[in-house]
Amino acid sequence: MKVVVLGAGFAGLAAAFAARRAGAAVSVVDQGAGASALYAGAVDGLASPDNPAQAALLNELGPLLGLRLNANAIVATREGVVRATTGADTALLDLAPLAGKRIGVVDVPRDDWDGPLLVRAFAASDWARSTGTRFELVPLDLLEKSYQRRVSPYDFATSFEQPERKAWLNEVLKAHAGPDAWLFGPWLGVKRELSRELTAGVGVPVGEVTSPPGGVAGARMEGRRDALLVSIAAEVIAERATGVRTGTTSVVVTLDSGRELAADALVLAAGGVVSGAIRLVGALSGAEPAGFELSLSGLPLVQARGQLLRPVSSLFGVDLAVHGRVLLEHVGLVASARGAVVDEPRVFAAGDVLGPAPPSVGHALLSGLRAGAAAASFGS
Amino acid sequence: MRRSEAPLLERDPRGLQLERDVIVIGGGVNGVGVLRDATLRGFSVSLFERNDLAFGASGNSSGMIHGGPRYLAYDPDVTYSSCLDSGHIQRVAPHLLFRIPFLMPVFARGGLAAAATLAAYDGFFTLYDKYQPLKAGKPHARLSASDMQALEPGLVPSQGGVSFDEWGIDGARLCVANARDALERGAEVRVHTTVLEVLRREDGSAYGVRYRDQRTGEVGVRTARLVINATGAWAPLTASLGGLKPEAARLRPGKGIHVFLDRRVTNYAIVAKAIDGRQVFLMPWQNLSVLGTTDDDYYGDLDDVLATGDEVRYLFQAVERVFPSIREARAIGTWGGVRPTLWGWGMNEDRLSREHEILNHAKDGADGLYSMVGGKLASYRLFSEEMTDVIAERLGRGSPCQSHTLALPGGDEAVDPMRLVLEGGMEAVTATRLEYRHGSRSLRILERMRSDPREAAVACVCEPVTVAEIRYVIDQELATSVEDVSRRTRLGLGACGGMRCAARCGRIVADATGKSPAQGLAMAMRFLCNAARRRSAAIGAAQARAEALALGSLRAELGAVADEPEVSATETPGDDK
C-alpha cells in the first residue's frame, strides 16, 4: 500500500503519520511555506476526535509536533489579547493553570514589543479581571547589542540558543524572585526548546506570546516537521506537484521536474490560498478564465461556503468587493466528511484545501488524520 | 427677510456679543485654507469638521499641485494663476512637494499621424514651458521612440512622446499643516464635530452654528459674524442646515477613485487613454504607484465613498494597454473621493468646469453665509485668499494676505534626514519619510525620541512610522483614532494591510487619549475593517495570498477578524464601548 501526501503542513503531517501507523508506505511532496509554517503558535478549532483510535493517534502526534493540546488553553497574543484556544506550541505560555497568579512580563526595548502597553492590555482583559490574575512589567536588560532592537524576532530568538546566553538568562530569571510565571515575546529559541529548559531551570513556567507570520512558532514547526518525517521514515520529495491523474488501479502525481509518482491513494493537503495551492485567477487583467482554481491540473474544483463555485460570468474575475475578501478562506475541494474527494476515487483532501471549513490548525490535524487513515485503507 | 447684504450685526438674537468673526464649516483643504488665511489676517475663527481633517476629496485626490495645462488652450490666465499658486505652495511648504515627471507617449497609426501628434504635443508643452518657472518646473522634452523605451522600459513601444513636469503632494498633510498653523495662532478647530444647524436671525442673516461633538455627545452653539460653508461635496447638505434649499449651493459631485500598488513600478508618471477616451495615469507617488482616476456622477453617501470593481478594472484596462506588466502588479488598496464640481446639465463629467466660485447667500435671504463651491486641491490657497478677501471686506478690517509668504508648520527650514539618522538612530528610510511629512517639525519628533528612547520604535514597518510620530500626531495634530493617525502618517496602508501595526497603534491612541485597551482594540478593528473594505475591489491574484495570510494572522492575534459588511465606514469614536 503506497500513499502520496501533497503538502507537509499540519494536515499533511497528520495524514502521513496516520497512513504510516496504518502500515502504508508514504511519500511526502512538499515545497514552499504555507499557513502552517507561518502560524502564530495557537492551535484553534480542534474538535473532539471521531473515535478512540484517532484520539490515540492525536495524543501521540501532538508532542511530536511540539504541540500541547488542551481544549481549555489560554494564550496571550503579541497584540495584547488574552484568549481561549484548544492548544498551542509548547513554547507558548499556557495561562490557564496560572489563573489568579502573578505573571512577569519581560520588558525589552525592541521595536516588536511595547511592554508597558501590552501589560496594560493583558491586565485589562476579561480573563485577567475575572480570575484576579496580575501581569507585572519586569525590565530585563536582554539586549547585548543595540542593533538587537531591530533584528527579526527569529534572529533574536536564536541568539539565546548560545549556551552561555541561555545560562545567563536562566540566572537573570532565577535572581528575580516574585513572578509565578514569565511571559516573553516570541524569542525563546528556534532549534532549542528554551521555554522548556528555562521552565526547568528557573522553577516556574516560562513561555512566549504568539508569533507574527514568519516568526519563531512557524520556524519551530518546520524543524519538528523535518524530524517527524525522518522518524516515521516517510520519503520526502522537495518538489512542487503540478498535476494529478486518477485511474482505476492507481493515482499518478506529476512533479515539476516531469517525474511521475504512482500510488494507491493520494492525500491532498497542499493548503489553501495562503500556500498558493488555490489561486485567484483572471482578476483585473481579463487574461484568463475567471474564478478560483487549484494549482494542480486534473482535479475538480471548488466550493465556497458549501456551494459549488461556478466560473464567474466575467472576463475580469471574482470581485471581492461584492463577495467579501473572507471568501478567500472558504474556497476548497468538495469532499465527504472523511476527506474523500467527490468523483475522484483514491483522492482524499485535508486541511485548508478542504472546503468549506475556515482554516485552523485543529481542523488541519483532525482532517489530516482522517484522510491519512482513509487513504491507507483505500480498497482494503 | 433681508434679500441682500446689510451692515453686519454685532449681537445674536439674545443680545449677546458674537463669539467669533468667522465660523468655517469643513476641514478640507479650502476650509483649513480660509481658517489659516483669516487667522493670519487677525480674525478670530472657529472651524467645525464632521469627520476628520482631509476626510473627503482633499485627502483622496490625485495628490498633485499641478499647473493646470488643461486650461492652456482656452483660458491661459487660469494656467498662469495655477502655476503661480503652485509656486506659492512650494514656498510655504517645500517639504510636502515632490517632483513627478510625466511621460506622454504617442501612439498613432502611420508615421505621418504620429509626427503630427508629436508636433502638436511639442507645441502645446512649449507654451506650457513659459509658465513652468513660476513653479520651479522643468521644461518639457520631446522624446524619440528609443528615448521613451530607455526612460521607461516597461512601456509599450511608442512613436516617441513628450515629458512634462508636475508636483505631487500629500493632501492630508497639507490640510493638517494649515490647521496646525491656525491652531498655533489662536484659532479653534473642532474635528469629529457635526454642525447640526446654521443659525439665522429673524431677518434671515446667519449668526452661528449649533453643533454636536461626536465623541462626547456634547451639543453647543458658537456664534460669529460670518459663516463659511467650505464643505466641498457636502455643500448642498450644509446649505440645507441653514434652512436653504440644497440648490442654493448646487454642485455636480463627481466620484474619482485611485488604486495604489505595493511599490513604485515606474520612474515616471505615464499618461494613458481609457476605453472612453479619457486620460488616466499611472504615477509614482510617495513610496507607491498610483493609478487614477475616474470621474463619474455620484449619488451615494459622501461619508462612505468606496471604489467598485468596475472602476478598478477600468483603470487597469487603460494602463495595461501602455504598460502591460501592470497585470502582474500587486494592488494593495484604493481611495475614493468626490469632487465638488460646479453644476452643469447635459454634458459629460470630464467637460464640467474645474473652476471655483464663492456663493453669497444674501441672494437666498441668508446674509452672512457664504458657500465655497468647485475648485481643486491645486487652487486651494488662491480660493481661500479670495474667500478671505470677501471676509475682510465685509468685516471692514484685516491685514493683507500672507498665506503665500509665511511658511506652514515644518516648511520654515530644511532638515537633513541624515541628522535624524545620526541623532535619532533611525533608519534612512524612516528618517526621509518622517522629514517628508513633517519638515522641520520632525525635529520635535526627534526630541520625543531623545527624551524617551522607546518612542523610536518603528510601529508600522511598511511606511515606516515610529511610535514618536504616532504620539506626536495625537498630541499636536488632532488625531483621536487609528484612522486619524493613518490619514496623517500613512500608517497601516502598506503591503501588510495593517496586520502588524493597527492593534499597536490602537493601544497607543487609547493610552494617549485616556481610553481602555479594549477601546483601542476596537478602534484598530474598525480601521482594519474599513481599510479592507476599501481594498477589496482591488484584490487580484497577486494580493490574494497576502490577504488570506492577513486574515489568518489577525484572527490569531486579535481573536477575531474584522469582516467587511457589518461595520460603518465612518468612525464614531463616541461609540467606543
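The analysis underlying the following values was restricted to heavy atoms, covering all of them including side chains, and did not include hydrogens, waters or symmetry mates. Per chain, numbering begins at 1; letters A, B, ... match sequence-line order. This one's a predicted model, so the numbers in the text were calculated from it and none came from an experiment.
In this structure, no portion of S146(A) lies under 4.5 Å from any heavy atom of chain B. For R279(A), no part lies under 4.5 angstrom from a heavy atom of chain B. If you measure heavy-atom distances from A121(A) to chain B, the contacts under 4.5 Å come from both the backbone and the side chain. Proximity to chain B is limited to the backbone of S211(A), based on heavy atoms less than 4.5 angstrom apart. For A524(B), no part lies under 4.5 angstrom from a heavy atom of chain A. Using a 4.5 Å cut-off between heavy atoms, D112(A) touches chain B through its backbone atoms (N, CA, C, O) alone. Both the backbone and the side chain of E427(B) come within less than 4.5 Å of a heavy atom of chain A.
Heavy-atom pairs under 4.5 Å with chain A were tallied for P517(B), A307(B), G425(B), C496(B); the largest tally goes to P517(B). Chain B forms the most heavy-atom pairs under 4.5 Å with one residue out of G80(A), S360(A), P212(A), S275(A), and that residue is S275(A). Between chain A and the options V458(B), I326(B), L521(B), V461(B), heavy-atom pairs under 4.5 Å are most frequent for V458(B). Annotation: maximal heavy-atom pairing with chain B below 4.5 Å, among D319(A), D111(A), V75(A), T77(A), occurs at D111(A).
Of all the heavy atoms in R150(A) and A456(B), the pair that sits closest is NH2-O, 3.3 Å. For R545(B) against V274(A), the heavy-atom pair with the smallest separation is NE-O, 2.8 Å. When all heavy atoms are compared, the tightest approach of R454(B) to P116(A) is NH1-CD, 3.6 Å. For the pair I539(B) and L280(A), the tightest heavy-atom approach, listed with the atom from each and the gap, is O-CD2, 4.0 Å. Shown here for S536(B) and R325(A), the closest heavy-atom pair between the two residues is OG-CB, 4.2 Å. Between E557(B) and A40(A) the shortest heavy-atom distance is OE2-CB, 3.9 Å.
Contact of the V467(B) side chain with the D114(A) side chain is not registered, since no non-hydrogen atoms from C-beta on lie closer than 4.5 Å.
R555(B) contributes atom CZ, which lies 4.0 Å from atom CD of E329(A) (distance to the nearest 0.5 angstrom). Here the CG atom belonging to L549(B) is positioned 11.5 Å from the CG atom belonging to L328(A), to the nearest 0.5 angstrom.
The contact list for residues 498-508 of chain B toward chain A, using heavy atoms and a distance under 4.5 Å, reads M499(B), R500(B), A503(B), R504(B), R507(B), I508(B) by residue number.
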> Is there a side-chain contact (heavy atoms from CB on, under 4.5 Å) between V273(A) and E547(B) once you walk through the steps?
Replying inline: CA-CA 9 Å; V273(A) 174; E547(B) 202 66 41; over 6 Å; no
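Heavy atoms of other residues, nucleotides or ligands lying less than 6.0 angstrom from CZ of R450(B) number more than 12.
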